[in-house]
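Report on the following structure.
Start at 1 with the first residue, then count along the sequence.
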Amino acid sequence: MSSTFSTQASSYGTPSSPLSNLQHDYPSPYLPYASSSTAEKLAAGPAASAAATRIIAAAGQITSIVQKPFLFMSDASMMYTLPACLRLIEHLHVVEILRDAEDERQRLLSELRIIAELQSQSEPVNVDQSALAHPLRLLSTHHILREIAPDTFALTRVASLLDSGKSVADVFAKYKKYEDTSGIAAFVGMCTDELFKSAAYLTEAFTGVQLPLAPLGTFNLAFNTPVPFFECGREPGKSFRLERFSQAMIGTSGWEAPGAILTSFDWLSLPRGSTIVDVGGGIGSTTMILARAFGGSSRRRGSFRFIIQDRPVVVGLGLDAWRAQCPEMLESGQVVFHDLNWHPAVYILRVVLHDWPDVRARHVLLNLRLASGPETRLIIADHVLPLACWTLDSVLAHLEGAHGTLAPAPLLPNLGKASATPFSMDIVMHIIFNGKERTLRELCALALSSGWRIARVTYSKGSHFGHLVCEPV
């Protein structure tokens with residue numbers, strides 16, 4: 001495949017920007033990811049994204065065909081080694097070390113030995129330097145790091161996403177690595193720690209194995225606790241999990257196109273001063289995007305009032321975040337936390353319903369329906385699982401934005417490997433909450449059973465993360 005791509009004409013026919021007559025290198029795998037660069041902007045465009053997903057889907061499907069079945073199964077069976085090594089480099093802040101190095105050929109393993117000794121604080125730890133090279137080499141084999149000389153490693157475009165932007169001294173001095181970051185390192189840390197450990201107990205949870213304390217699910221089996229996932233962060237010595245989770249939710253914005261919430265609904269159709277309620281909104285990351293776009297004077301068109309609802313412990317973290325970034329909105333009362341409001345203009349449920357099984361999710365939706373007026377709209381933002389078979393349910397055929405297949409034969413209609421993330425998240429939701437991601441058909445049925453009708457669905461470019469606009473019925 002050529003290392004360059006042309007914007008002269010897309011597969012849809014016509015140029016779409018002043019840069020349409022130019023050619024640009026595709027983002028280099030050896031340079032840090034920079035979302036503001038021309039190459040990254042073009043790579044994120046609809047034509048390039050569509051081409052990339054088909055390449056990924058085709059490459060994954062071809063691998064399953066041409067690789068020896070035993071080797072294919074062996075790779076799949078031992079894939080657990082990848083998150084194990086990812087957690088190691090995230091925990092040891094390897095990305096920050098490599099970024100801080102004046103020369104990328106600096107001896108990383110010596111640095112890691114020093115760091116390991118610093119971490120112990122009480123007594124030095126005898127770290128086998130040659131052993132540390134092995135997990136880094138596995139990550140290099142998967143194109144996450146690069147081995148540029150024997151036992152010497154460098155960053156890639158992918159690995160740079162883990163960079164907190166802080167100095168090595170700062171990330172080791174205090175456990176505030178994730179503050180004021182993209183949240184991606186926090187997301188990876190959470191996925192490769194509590195989620196990864198819990199996944200090992202999936203079979204036991206499905207087959208009914210229980211602990212004496214009668215835990216709630218797979219997470220509880222793994223950590224031998226009856227305490228639900230969200231409550232564990234309140235236990236002594238475990239507050240870092242809650243803080244990391246809150247920052248990790250910021251990192252999940254990568255599932256969507258930047259500012260996708262702004263185009264998911266016709267916000268300017270709402271009357272001035274309308275109230276928008278972000279239910280289970282965490283620290284208010286989604287609301288902050290909306291408030292910055294539609295905040296300001298109450299006389300300004302599209303000026304709204306925002307309410308963020310969540311558990312008290314999360315509200316405290318949210319208030320800290322808003323005081324640091326948008327204090328004027330809190331002071332003016334334009335943004336408030338944990339308030340109650342009946343008949344708002346819009347409810348937002350972003351990555352909330354997937355936390356719950358159908359019975360509990362229906363309870364949430366029914367409560368919102370009871371608190372809604374006839375003009376209230378509900379926006380459900382979640383992954384929408386595409387089917388791996390060729391069909392479009394007649395129930396969905398006339399739903400605006402619904403699509404049956406995403407790729408032509410012989411590719412899997414759900415794009416296979418290119419769609420792996422939402423299906424992995426589906427299992428993660430079961431592991432942690434007994435919840436699930438849902439197909440569009442399942443979401444429509446769940447909404448109707450709770451007094452809502454899905455009127456329209458929009459997807460982020462190159463993603464299965466959808467925004468579903470619902471009306472009361």
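What you find for Ala291 and Trp322 is that their closest heavy atoms are CB-CH2, 4.1 Å. Across every non-hydrogen atom of Trp356 and Ala361, the tightest pair is CB-N, 3.8 Å. Of all heavy-atom pairs spanning Lys166 and Thr181, the tightest one is NZ-CG2, 3.6 Å. Residues Leu399 and Cys444 share a closest heavy-atom pair of CD2-SG, 4.0 Å.
Counting only heavy atoms from C-beta outward, the side chains of Met190 and Met249 approach each other to under 4.5 Å. When side chains are defined from C-beta on, Val227 does not count as touching Phe219, because their heavy atoms never get closer than 4.5 Å. Glu40 has its side chain within reach of Ser37: a pair of non-hydrogen atoms, C-beta onward, lies under 4.5 Å apart. Two residues are said to be in side-chain contact when any heavy atoms from C-beta on lie closer than 4.5 Å; Val457 and Val469 fail this criterion. Leu349 is not listed as a side-chain neighbour of Ile379, based on a closest heavy-atom distance of 4.5 Å or more. Proximity of Ile89 to Leu92: side-chain heavy atoms (C-beta onward) are nowhere separated by under 4.5 Å. Looking at Pro29 and Thr156, their side chains never come closer than 4.5 Å, going by heavy atoms from C-beta outward. Within the 4.5 Å cutoff, no side-chain heavy atoms of Leu385 are placed close to those of Arg438.
Here the CG atom belonging to Asp320 is positioned 9.5 Å from the CD1 atom belonging to Ile283, to the nearest 0.5 angstrom. Separating the CD1 atom in Ile380 from the NE2 atom in His354 is a distance of 12.5 Å, to the nearest 0.5 Å. In this structure, CG on Leu136 lies 8.0 Å from SG on Cys85, to the nearest 0.5 angstrom. Summarising the geometry, atom CZ belonging to Arg441 is positioned 13.0 Å from atom CG belonging to Leu446; distances are rounded to the nearest 0.5 Å. One finds the CG atom of Asp163 at 10.0 Å from the CG atom of Leu98 (value rounded to the nearest 0.5 Å). For the atom pair CG of Asn220 and CD1 of Ile431, the computed distance is 12.0 Å after rounding to the nearest 0.5 Å.
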Residues Glu194, Arg87; criterion salt bridge (Lys or Arg N to Asp or Glu O under 4.0 Å); working and verdict: CA-CA 11 Å; Glu194 52 261 49; Arg87 185 185 177 215; over 6 Å; no
Criterion side chain to side chain contact (heavy atoms under 4.5 Å, CB included) on Leu387 and Asn414, from CA distance to verdict: CA-CA 6 Å; Leu387 299 176; Asn414 68 354; over 6 Å; no
Between Ser28 and Arg157, is a side chain to side chain contact (heavy atoms under 4.5 Å, CB included) present by the stated rule, with each step listed? CA-CA 7 Å; Ser28 169; Arg157 174 180 175 236; over 6 Å; no
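Residue pairs that meet the side-chain hydrogen bond (donor to acceptor under 3.5 Å, both in side chains) test with at least one member in residues 423-432, sequence neighbours left out, do not exist here.
Between the side chains of Gln325 and Asp180, no donor-acceptor pair of N or O atoms lies under 3.5 Å. Of the N and O atoms on the side chains of Glu96 and Ser164, at least one donor lies less than 3.5 Å from an acceptor on the other residue.
Taking the ring centroids of Phe265 and His467, they lie at or beyond the 6.0 Å cut-off. Aromatic ring centroids of Tyr459 and Phe465 lie 6.0 Å or more apart.
Between Lys176 and Glu179 there is a salt bridge, since at least one side-chain N of the basic residue sits less than 4.0 Å from a carboxylate O of the acidic one. Classification of Arg350 and Asp382 as a salt-bridged pair fails, no side-chain N sitting under 4.0 Å from a carboxylate O. A salt bridge does not link Glu243 with Lys177: none of the charged nitrogens is closer than 4.0 Å to a carboxylate oxygen. The pair Arg241-Asp193 meets the salt-bridge criterion, with a side-chain N (NZ, NE, NH1 or NH2) lying under 4.0 Å from an Asp/Glu carboxylate O. Checked for salt-bridge contact, Asp151 and Arg137 meet the test: a charged N lies under 4.0 Å from a carboxylate O.
Other residues, nucleotides and ligands place no more than 12 heavy atoms under 6.0 Å from the NZ atom of Lys417. Other residues, nucleotides and ligands contribute over 12 non-hydrogen atoms within 6.0 Å of the NE2 atom of His142. Around atom CZ of Phe196, more than 12 heavy atoms belonging to other residues, nucleotides or ligands sit under 6.0 Å away. No more than 12 heavy atoms of other residues, nucleotides or ligands shown are found within 6.0 angstrom of CE on Met73. Open room surrounds CZ on Arg360; 12 or fewer heavy atoms of other groups in view lie less than 6.0 Å from it.
Formation of a donor-acceptor pair under 3.5 Å by the Arg456 side chain with backbone atoms of Ser264 is found in this model.
Among residues two or more places apart in sequence or in another chain, the side-chain hydrogen bond (donor to acceptor under 3.5 Å, both in side chains) test is passed with Ser419 by His464. Ser182 is linked by a side-chain contact (heavy atoms from CB on, under 4.5 Å) to Ile184, counting only residues two or more places apart in sequence or in another chain.
When each of Phe240, Phe230, Phe187 is checked for a ring-ring contact (aromatic ring centres under 6.0 Å, His included) with Phe245, only Phe230 meets the rule.
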